[in-house]
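Labels below follow one simple rule: chain letters A, B, ... track the order of the sequence lines, proteins then strands, and each chain is numbered from 1.
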Amino acid sequence: MQNNQPEIAIETKNLFIFYGSFAAVSEVNIKIEKQKVTAIIGPSGCGKSTLLRAFNRMNDFVPSSYVTGEILLQGQNLYSKNIDPVEVRRKIGMVFQKPNPFPKSIYENISWGAKINGFKGNMDELVEQSLRGAALWDEVKDKLKKSAYELSGGQQQRLCIARTIAIQPEIILMDEPASALDPISTLRIEELMQELKQNYTIIIVTHNMQQAARVSDYTAMMMLEKDGSRSGTVIEFSETKRIFTNPKDKRTEDYVTGRFG
Amino acid sequence: MNHSHYPKDDSFRVSLNGRYRIANLWQGLFFSALVIAILSLVALLYNVVDGAFGYVAYEYKHAPSEFTAKPLDQLNKQELLELLKTNLSSGAYKKLDNDKPMGERSKSVLVTLVLERLFQIDTKQTWSMTDSILHSNDIKAEVADKYPKAILEFRSWLTPVFLTTPMSSKAEFAGVRTAILGSLWMVGIAILFALPIGTGAAIYLQEYADKNFINRIIQTNINNLAGVPSIVYGMLGLAIFVRTFEGFTSGSMFGVTDSNGRTVLSAGLTMGTLVLPLIIINAQEAIKAVPDSLRQAAFGVGATRWQTVWHHVLPNALPGILTGSILAVSRAIGETAPLIVVGASTFISVDPSGPFSKFTALPIQIYQWTTRAQSEFHSIAASAIIVLLILLLTLNATAVLLRNRVQRKY
Ligand SMILES: Nc1ncnc2c1ncn2[C@@H]1O[C@H](COP(=O)(O)OP(=O)(O)OP(=O)(O)O)[C@@H](O)[C@H]1O
Ligand SMILES: [Mg+2]
């Protein structure tokens, strides 16, 4: 392509997210680029998870929650009336903070999502592909029929990633995917993200500044608004390099250099 | 600053001793509560067992020597059959043979028949197990004095024959087979009715219902229904199942003619209604125990709510649901009041053969026997209570086994 305009995977417009009357996240306008890793960082309670879960309508399960504004996927507002949240989650997969494989076999963990979404191809191939994609194949190829609960925490988390890529989403959301893991497993997941971004757009929430710096191309810095409303917002969003070397906002600088609070 | 607001050294130890005294006092109270509970359980069991075993003094109306030279327990099956055939009137023998071919009856059943029809046992008096053991000499003297012709025997009223014989007007020959089968039919129908409905309602309340005002009222009402006295359910069963839906519960809708609404089906449905709130509550607990992370995992790969419930929530909650339901139903098996209202038969010797049969149940049988004046009926009532308790324990043990079998997976 000739024009240098980056391709946008998903974009928010004037997004507010409420729990009841409390606006946990307000006025977020960001454009997430395709096949890049975007990190969301910020202090605890500033609404990172809330924002992330809004992208695949996981917040729908909190009865009091609702959003205003728009989240656009290929120009379609995910929150417009005619959009089915199941379809949204089919296109935007999620990996959770705590590994949560199904209490089934390793094989079934991958095949179940494919089955319910009407996958017609060769299931064995899909399982192998997904496990390879999550850098887990070599460790589990001989025990596919064993329970997923026999895997270590790090392996379980990679299984959850494999489960997500098996349904071939466009975007993968990850909420602190390595926070429950040891440094070696963390490293593997980080390497994995570098590979995955060849095919997927990744949005990751992390508390680990080094991790954000290592894995992400873009970073969104979130912070509670100054006015005391306890509402979080994105105060700065740009290339990760910039956020860490030459941030525009003083608060960002304080936070990434550890002088926050 | 050296000054502290906390007690130090000696005064600390004094206050510590005070804390221990209070702790010991409470521990003692809890322990005595446990002792009282255990004692009352032991007393209950002892009371039951005490009645089911003991001395019995009986006479034969017709001396065995009038029929056979050999003692009864040395006769073989062929000789027993011969004995009955020659001494019973041919009409009576034919009737017995029609009920169940004589050749197919077991030896112990034939012995019972000989005792009942030919020798005609007449029980004079029975004694409890405690009396029999502690005052055995007094009892022997009393019997020798009062009933010189009587035979004194230490017997267990709980025998295999007791379990397999139907009701009889004579305590010596009465059994609980009809009642056991009635109870099992009733519980089976109750489970078939209440388990699917209860599970369905629990799934709806846990997985679908909003936490709004109306649903909170429904939830509160279910909790309250679980505490409604069982007789009220009996009235409900009488009004609805026995009367309003008589066409269905009597089976006349399906061409069964000789029945009214007082069938085992009505009783089963009434018991089902009785345990329904308990089953719903237990199932809700089991469903609540399935962690949310599992639901999120399913939703996260694009599952609908139904797929999440059917493939993940329900399979993982099922052992808990079954355990809870078995425990709920074991309450139904001991219930008496609703059955009296719904109309269990107090004297019936025909096994229930289907949902539209008349029936009796163990608690009804026990209740009926305990109201009789003769002491031998109290003995068989005690035996029937033991049968009921064993049935209950079996159900509860199944529930516990089921719960322990499923390893916690998450
Ligand atoms: N289910 C909920 N109901 C009501 N309020 C909620 C709910 N979940 C989160 N919140 C509130 O929304 C705000 C943002 O929470 P969120 O979990 O998004 O923060 P976070 O940035 O992910 O924090 P952390 O880094 O600790 O995970 C908090 O004030 C929190 O109390
Ligand atoms: Mg969070």
Enquirer: side-chain contact (heavy atoms from CB on, under 4.5 Å) for B:H312 and A:W112? Distances and angles first, verdict last.
Expert: CA-CA 11 Å; B:H312 296 291; A:W112 190 74; 3.4 Å; yes

Enquirer: Does any heavy atom of chain B fall under 4.5 Å from the side chain of A:I167, the backbone, both, or neither of them?
Expert: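 The side chain, not the backbone.
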
Enquirer: Given that the side chain runs from C-beta out, which part of A:P101 has a heavy atom under 4.5 Å from chain B: side chain, backbone, both or neither?
Expert: backbone

Enquirer: Measure A:F96 against the heavy atoms of chain B and call it side chain, backbone, both or neither at under 4.5 Å.
Expert: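 The answer is the side chain of A:F96.
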
Enquirer: Is there a side-chain contact between B:Q296 and A:R53, using heavy atoms and a 4.5 Å cut-off?
Expert: yes

Enquirer: I want to check something: taking the side chain as every heavy atom from C-beta on, are B:V301 and A:R163 in contact at a cut-off of under 4.5 Å?
Expert: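 Answer yes - side chains close enough.
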
Enquirer: Specify the closest pair of heavy atoms between B:H311 and A:K104, including all atoms of both residues, with the distance to one decimal.
Expert: O-NZ, 3.9 Å

Enquirer: Shorter than 4.5 Å, heavy atoms on both sides: which option in A:E87, A:K91, A:M58 has the most such pairs with chain B?
Expert: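 Result: the option with the highest number of such pairs is A:M58.
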
Enquirer: Got A:R57 and B:F299 here, is their nearest side-chain heavy-atom distance under 4.5 Å?
Expert: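 The answer is no; the side chains never approach within 4.5 Å.
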
Enquirer: Determine yes or no for a side-chain-to-main-chain donor-acceptor pair under 3.5 angstrom, with A:N100 supplying the side chain and B:L294 the backbone.
Expert: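 A pair under 3.5 Å: no.
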
Enquirer: If you count the non-hydrogen atoms of other residues, nucleotides and ligands that lie under 6.0 Å from NZ in A:K146, is the total more than 12?
Expert: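 Not buried by this count: 12 neighbours or fewer within 6.0 Å.
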
Enquirer: Has B:L34 got more than 12 heavy atoms of other residues, nucleotides or ligands less than 6.0 Å from its CG?
Expert: yes

Enquirer: For B:R305, is it the side chain, the backbone, both, or neither that has a heavy atom closer than 4.5 Å to a heavy atom of chain A?
Expert: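 For B:R305, the contact with chain A is made by the side chain alone.
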
Enquirer: If you tally heavy-atom pairs under 4.5 Å against chain A, which of B:S293, B:A303, B:A297, B:A298 wins?
Expert: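 That would be B:A297.
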
Enquirer: Take atom CE of B:M235 as the centre, draw a 6.0 Å sphere, and report whether it contains more than 12 heavy atoms from other residues, nucleotides or ligands.
Expert: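 Count not over threshold, so no.
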
Enquirer: For atom CZ of B:F245, is the number of surrounding heavy atoms from other residues, nucleotides or ligands below 6.0 Å larger than 12?
Expert: no

Enquirer: In Å and rounded to the nearest 0.5 Å, what is the CG to OG1 distance from A:D84 to B:T304?
Expert: 9.5 Å

